[in-house]
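Report on one structure; see the data block that follows.
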Amino acid sequence: MRPSDVSTLRTRPTPAGEQPPVPYTRRTMAAQDLVVTRFAPSPTGHLHIGGARSALFCWAFAARARLDGRDGRFMIRIEDTDQARSSEESARGILDDLAWLGITWEDGPVLKSTPASGDANQETRTIGGDSRGVGPYFQAQRVAIYNAYVESLVKAGRAYPAFETTEELEARRKAAVAAKQTYRYERPADVQPGVFNEARWSRALAGERHVVRFVAPPGDIVVHDSILGDVRIAPGELDDLVIRKADGFPTYHFAVVIDDELMGVTHVLRAQEHLANTPRHVAMQQALVRLPEHTGGRSGVPFRTPVYGHMPVICNMDGSKMSKRDKAKIARKFLRDAIDVIQKGAKQPLIPHLQKITGMSRDQLFRAIVAVLDVQQDPVRTTSIDDRLSQLLMFEIGDSDSIEVASAIAEYFAISLPEIEIWDFRKSGYLPEVIINFIALLGWNPGMKDAAGKDVEKFDLPFIAEHFSLDRVGKSSAKFDRAKLLSFNGDAIAAMPDDEFVRRWRQWLSDYEPAALARLDSLGESTLKTLAPAVKPRAKTLRDTLKPIAFALATDEGYQFDTAALEKNLKANGGAGAALVREFRGVLAALATWDAPAVHTALEEFAKSKGFVTEKGVNVGPVAQPLRVAIAGVAVSPPLGESLAVLGKQSTLARIDRCLLAL
RNA sequence: GGCCCCGUCGUCUAGCCUGGUCCAGGACACCACCCUUUCACGGUGGUGACGAGGGUUCGAAUCCCUCCGGGGUCACCA
């Protein structure tokens with residue numbers, strides 16, 4: 001049976017063999033009322049959709065605890081222990097993405113940000129802080145703490161310096177794989193569990209290059225998981241893992257254990273990909289004791305094991321784990337498909353073929369492509385052509401999954417890469433509240449029915465906070481269904497009041513399509529407002545809005561006439577359509593008021609006067625379609641009332657004249 | 001490959017713990033029809049699943065076992 005989160009928290013079971021928790025300051029003060037969850041991203045890129053979901057569930061758990069009258073806190077910690085890949089810019093980006101989604105944290109890095117909707121009208125606010133005094137929240141600033149605990153473990157004989165080189169270990173690993181055996185690090189013969197190895201420690205202190213490894217315990221490790229139930233790991237499955245790297249930084253596993261304890265984390269909710277690591281974390285918790293400086297001077301206070309909950313992984317539709325690498329995969333596939341197609345068409349291999357027509361060497365060809373990428377990606381040319389070239393080659397042969405190269409290829413060839421990171425979805429015009437709603441549904445559902453007996457599946461952050469509980473988190477991985485996300489987003493756009501839509505549409509256009517916004521504003525200050533009711537039902541995303549308004553984005557001279565549309569609507573039947581448009585032009589020219597209802601009325605009356613009436617009423621089609629082609633160039637556009645209103649009388653007449661002339 | 005987790009329509013899922021009300025409900029997608037000045041929106045209806053095989057039971061999607069399938073993980077990355 002899976003314990004509910006509430007009962008787990010109130011009566012946390014003490015498994016056999018585990019020390020009962022020893023009270024110390026924080027515990028006696030706050031007792032079991034303190035609930036601390038955390039999201040701990042590595043600042044090596046943008047916020048991933050799966051990371052966002054982890055953050056959301058942690059946020060929701062803490063928020064729910066608060067609603068239940070407890071001291072629920074959601075905390076952010078930046079795991080920047082990978083010196084080579086971490087960046088402050090990335091950390092800032094992740095925090096921004098969370099704030100954009102509307103996820104806020106009580107404890108953690110401080111961020112000044114605009115709230116959920118990205119709505120410029122609302123005030124900026126500050127998120128984060130250190131009210132419990134357990135920071136800093138960047139692990140790179142906590143190295144001294146990790147070192148103190150490493151030393152305590154070494155002195156207790158529960159860890160030891162190891163001096164093998166990376167090459168040595170790699171060779172052993174290869175040998176094991178070649179012999180079809182599972183590789184495990186073999187503990188050196190001179191290391192005795194529980195005995196301080198002074199000789200090794202001295203070598204380390206003397207400056208010899210080393211890592212520190214944790215002595216894996218001999219017995220079973222049982223992880224109590226409030227989502228999955230108990231997970232038991234047999235002895236011998238765990239080898240002596242590295243807890244401090246040669247550069248002096250802790251590994252993820254070690255830093256996590258130290259920080260979760262010191263920062264008072266009570267509930268660790270994360271993706272199932274971490275499940276296999278959890279026994280290691282538990283083993284370390286059982287070996288570690290708080291240093292006196294972290295317990296107000298008392299000694300002998302053991303680390304506790306938080307409540308764990310491992311949630312399902314988010315997968316692509318093909319079942320593989322959704323990963324940033326998917327972008328590279330798509331871009332690479334495109335490159336190869338393109339090469340295939342060209343090869344088939346040209347009936348000869350692409351590279352030699354191109355070499356033949358350009359007279360370039362293979363290297364020069366790649367240089368040419370790279371030069372284009374270089375200009376687009378790196379206008380100031382901070383990287384050399386050679387660097388770019390080698391990047392692209394690496395990418396092409398599959399040895400590199402660089403998102404930058406993938407993006408450059410996508411931009412150059414105008415293909416679209418799948419949205420994987422929150423930033424991608426934002427750029428594509430998804431609404432933050434929809435993303436929240438949708439990712440909440442990936443692995444969790446409120447299990448409620450509405451009045452009509454249908455599943456409740458449209459909800460917002462406050463609803464999630466109110467209803468979230470671990471026993472409704474699923475166990476099986478979920479495929480990320482983009483079609484359903486799109487549908488939800490379209491529903492949200494359609495349901496928005498016009499003025500709100502206009503505000504958020506404007507914001508998005510200004511962020512991602514400023515030229516389009518400038519053009520629309522040049523048509524009149526209420527253009528967006530006029531367009532709103534016509535655009536909303538036609539756009540699933542904010543980027544989608546650009547399609548139905550393409551006619552307005554083009555200048556009066558700038559749009560093309562589709563010949564088939566011209567033929568069918570204007571020229572057919574001896575130019576009947578053209579004649580109607582010519583006649584209706586006069587009506588329009590005489591129109592005193594120029595807005596959507598007025599245009600629409602004029603259209604109907606004109607149609608009626610022409611006798612286009614059926615038993616169902618006036619049929620404006622015979623006039624509307626030719627007119628549509630005249631002003632838009634194609635047979636598809638939003639309703640003509642709004643369309644003409646936005647263009648204005650002058651442009652409308654000019655477009656009609658241009659069309660008539662083009663026949 | 002070792003270890004671990006998971007398995008209800010194509011997809012997300014309700015139902016499973018507390019067997020019968022389930023010849024399995026909802027949503028997205030798909031199909032048909034209706035509405036309609038185009039494209040959309042909307043409305044109505046439809047196709048569609050308990051992975052397989054054994055048990056237990058009067059009765060199993062629900063409990064047990066085996067098999068099969070999928071995923072995760074095996075770094076001085078987090």
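Just so we're clear, the structure is a prediction, and the values are computed from it rather than from any experiment. Numbered from 1 within each chain, the chains take letters A, B, ... in sequence-line order.
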Starting from the 5' end of RNA chain B, give me the residue, A/T182 or A/Y252, whose nearest nucleotide shows up first. A/T182
Worked check of side chain to side chain contact (heavy atoms under 4.5 Å, CB included) between A/Y559 and A/F551: CA-CA 7 Å; A/Y559 65 101; A/F551 75 96; over 6 Å; no
Please give the distance between the [atom1] atoms of [N] and [M] as a whole number of Å.
{"N": "B/C35", "M": "B/A60", "atom1": "P", "value": "48 Å"}
{"N": "B/A14", "M": "B/C28", "atom1": "C1'", "value": "15 Å"}
{"N": "B/C9", "M": "B/C4", "atom1": "C1'", "value": "29 Å"}
{"N": "B/G20", "M": "B/G15", "atom1": "C1'", "value": "14 Å"}
{"N": "B/U66", "M": "B/C77", "atom1": "P", "value": "39 Å"}
{"N": "B/U47", "M": "B/U8", "atom1": "P", "value": "22 Å"}
{"N": "B/G72", "M": "B/G54", "atom1": "P", "value": "32 Å"}
{"N": "B/A24", "M": "B/G70", "atom1": "C1'", "value": "23 Å"}

Is A/K454 side chain donor-acceptor paired with the B/A27 base, going by distance under 3.5 Å alone? no
Would the base of B/G25 count as contacting A/D455 through its side chain, where contact means a donor and an acceptor less than 3.5 Å apart? yes
Please write out each protein N/O paired with an N/O of nucleotides 3-10 of chain B under 3.5 Å, distance rounded to 0.1 Å.
{"unit_1": "B/C3", "atom_1": "O4'", "unit_2": "A/E237", "atom_2": "OE1", "d": "3.4"}
{"unit_1": "B/C5", "atom_1": "O2'", "unit_2": "A/Q272", "atom_2": "OE1", "d": "3.3"}

Check ion pair [X]-[Y] (N to O, under 4.0 angstrom):
{"X": "A/R538", "Y": "A/D544", "answer": "no"}
{"X": "A/R482", "Y": "A/E419", "answer": "yes"}
{"X": "A/E421", "Y": "A/K327", "answer": "yes"}
{"X": "A/D239", "Y": "A/R280", "answer": "yes"}
{"X": "A/E88", "Y": "A/R92", "answer": "no"}
{"X": "A/D498", "Y": "A/K536", "answer": "yes"}

A/K449: partners by salt bridge (charged side-chain N to carboxylate O under 4.0 Å, His left out), with sequence neighbours left out: A/D455
Under 4.0 Å, counting only non-hydrogen atoms across every strand here, what does [X] touch: a base, just sugar-phosphate, or nothing?
{"X": "A/R244", "result": "nothing"}
{"X": "A/E79", "result": "sugar-phosphate"}
{"X": "A/T81", "result": "sugar-phosphate"}
{"X": "A/G490", "result": "nothing"}
{"X": "A/E167", "result": "nothing"}

Is the closest side-chain donor-acceptor distance between A/N147 and A/R244 under 3.5 Å? yes
Quick test: give all pairs of protein nitrogen or oxygen and nucleotides 67-69 of chain B nitrogen or oxygen below 3.5 Å, distance rounded to 0.1 Å.
none

Show the atom names and distances, to 0.1 Å, of all donor-acceptor pairs under 3.5 Å that link a side chain in residues 307-315 of chain A to residues at least two apart or in another chain.
{"unit_1": "A/Y308", "atom_1": "OH", "unit_2": "A/Q285", "atom_2": "NE2", "d": "3.0"}
{"unit_1": "A/H310", "atom_1": "ND1", "unit_2": "A/D225", "atom_2": "OD2", "d": "2.6"}
{"unit_1": "A/H310", "atom_1": "NE2", "unit_2": "A/R270", "atom_2": "NH1", "d": "3.3"}
{"unit_1": "A/H310", "atom_1": "NE2", "unit_2": "A/T278", "atom_2": "OG1", "d": "3.0"}

Taking 4.0 Å as the cut-off, does a side-chain nitrogen or oxygen of [X] come that near to OP1 or OP2 on [N]?
{"X": "A/R213", "N": "B/C76", "result": "yes"}
{"X": "A/K449", "N": "B/U13", "result": "no"}
{"X": "A/R280", "N": "B/A78", "result": "no"}

Aromatic centroids of A/F468 and A/F57 separated by under 6.0 Å: yes
If you take the centroid of each ring, where Trp contributes its six-membered ring, are A/F438 and A/F480 closer together than 6.0 Å? yes
Nearest-neighbour nucleotide for the [X] side chain, [options] considered:
{"X": "A/A246", "options": "B/C76, B/A78, B/A29", "result": "B/C76"}
{"X": "A/T251", "options": "B/G26, B/A78, B/G72", "result": "B/A78"}
{"X": "A/V242", "options": "B/A78, B/C76, B/A27", "result": "B/C76"}
{"X": "A/N445", "options": "B/C76, B/A14, B/C12", "result": "B/A14"}

Under the side-chain contact (heavy atoms from CB on, under 4.5 Å) test, which residues partner A/R203, sequence neighbours left out? A/F163, A/E208
Any chance you could list the contact pattern along nucleotides 30-45 of chain B? Use B for base contacts, S for sugar-phosphate-only contacts and - for none, protein heavy atoms under 4.0 Å, 5' to 3'. -----SSBBBBS----
